[in-house]
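Counting from 1, the numbers follow the sequence of the chain as shown. Everything quoted here is computed from the prediction, not taken from an experiment.
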Amino acid sequence: DVQLQASGGGLVQPGGSLRLSCALSGFTLADRAISWFRQAPGKEREGISCISSDELSTYTADSVKGRFTMSTNGAKNTVWLQMNNLRPEDTAIYYCAADPKLPFCPVVPRQRDFSSWGRGTQVTVSS
């Protein structure tokens, strides 16, 4: 049974940092690319970061470039999203996603490309 579980969200002040975790079960990063999405109220779900199953290619949206990075553990069953220099516009629900047909990241990750989703975690950036 394939499952993804995102965690680590919370309330942080502008300029602060958070690290989100995506726990994988039933598969590992070695099997499928993992992508992070976020959805702010009233907005579409946006793909912000992706790492391929071979960890050789990544995608980072311009909106988070230079601030957000993805990494994984040795067992490749956890994928992290390190978020630095957070801004109020980063406030959203964050989701991790995968798809059995995607060992590599799409050129631009879109919601329709991914069939497996974890429950989101809320990130609020506010003073």
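Cys50 approaches Ser35 most closely through the heavy-atom pair CB-OG, 3.9 Å. Gly120 and Ile93 make their closest contact through CA-CG2, 3.7 Å (heavy atoms, listed as atom of the first residue, atom of the second, distance). Contact record, Met83 with Tyr94: SD-CE2, 3.8 Å, taken as the closest heavy-atom pair. Nearest heavy atoms, Lys65 versus Asp62: NZ-OD1, 3.2 Å.
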Donor-acceptor pairs under 3.5 angstrom involving side-chain atoms of residues 11-29: please list them, not counting sequence neighbours.
| unit_1 | atom_1 | unit_2 | atom_2 | d |
| --- | --- | --- | --- | --- |
| Ser17 | OG | Asn84 | OD1 | 3.0 |
| Ser21 | OG | Trp80 | NE1 | 3.2 |
| Thr28 | OG1 | Ala30 | N | 3.2 |

Applying side-chain contact (heavy atoms from CB on, under 4.5 Å) to Met70 and Ile34, what does each step give before you reach the verdict? CA-CA 9 Å; Met70 290 182 70; Ile34 300 297; 4.3 Å; yes

side-chain contact (heavy atoms from CB on, under 4.5 Å), that's the test. Do Gln5 and Arg119 meet it? Break it down for me. CA-CA 6 Å; Gln5 180 63 56; Arg119 184 178 297 180; 4.3 Å; yes

Using side-chain contact (heavy atoms from CB on, under 4.5 Å), reason through Val123 and Arg38 one step at a time and then give a plain yes or no. CA-CA 9 Å; Val123 172; Arg38 68 184 182 186; over 6 Å; no

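Within the 4.5 Å cutoff, no side-chain heavy atoms of Gln39 are placed close to those of Gln111. At least one side-chain heavy atom of Leu81 sits under 4.5 Å from a side-chain heavy atom of Ser49. Using a 4.5 Å heavy-atom threshold, the side chains of Leu4 and Ser116 count as touching. Between Pro109 and Phe114 the shortest side-chain heavy-atom distance falls below 4.5 Å.
No salt bridge links Asp90 with Arg87; every basic N to acidic carboxylate O contact stays at or beyond 4.0 Å.
A donor atom on one side chain and an acceptor atom on the other are not found under 3.5 Å apart for Ser63 and Glu89.
In this structure, SG on Cys105 lies 11.0 Å from CG on Leu56, to the nearest 0.5 angstrom. Note that OH of Tyr59 and CD1 of Ile51 are 15.0 Å apart. Values are rounded to the nearest 0.5 Å. Taken to the nearest 0.5 Å, the CZ atom of Arg32 stands 9.5 Å off from the CG atom of Leu102.
A donor-acceptor pair under 3.5 Å is formed between the side chain of Thr72 and the backbone N or O of Thr78.
Cluster membership check: Val108 does not share its hydrophobic cluster with Val64, using side-chain heavy-atom separations under 4.5 Å among Ile, Leu, Val, Met, Phe, Trp and Tyr.
Between Phe68 and Trp36, the ring centre distance reaches or exceeds 6.0 Å.
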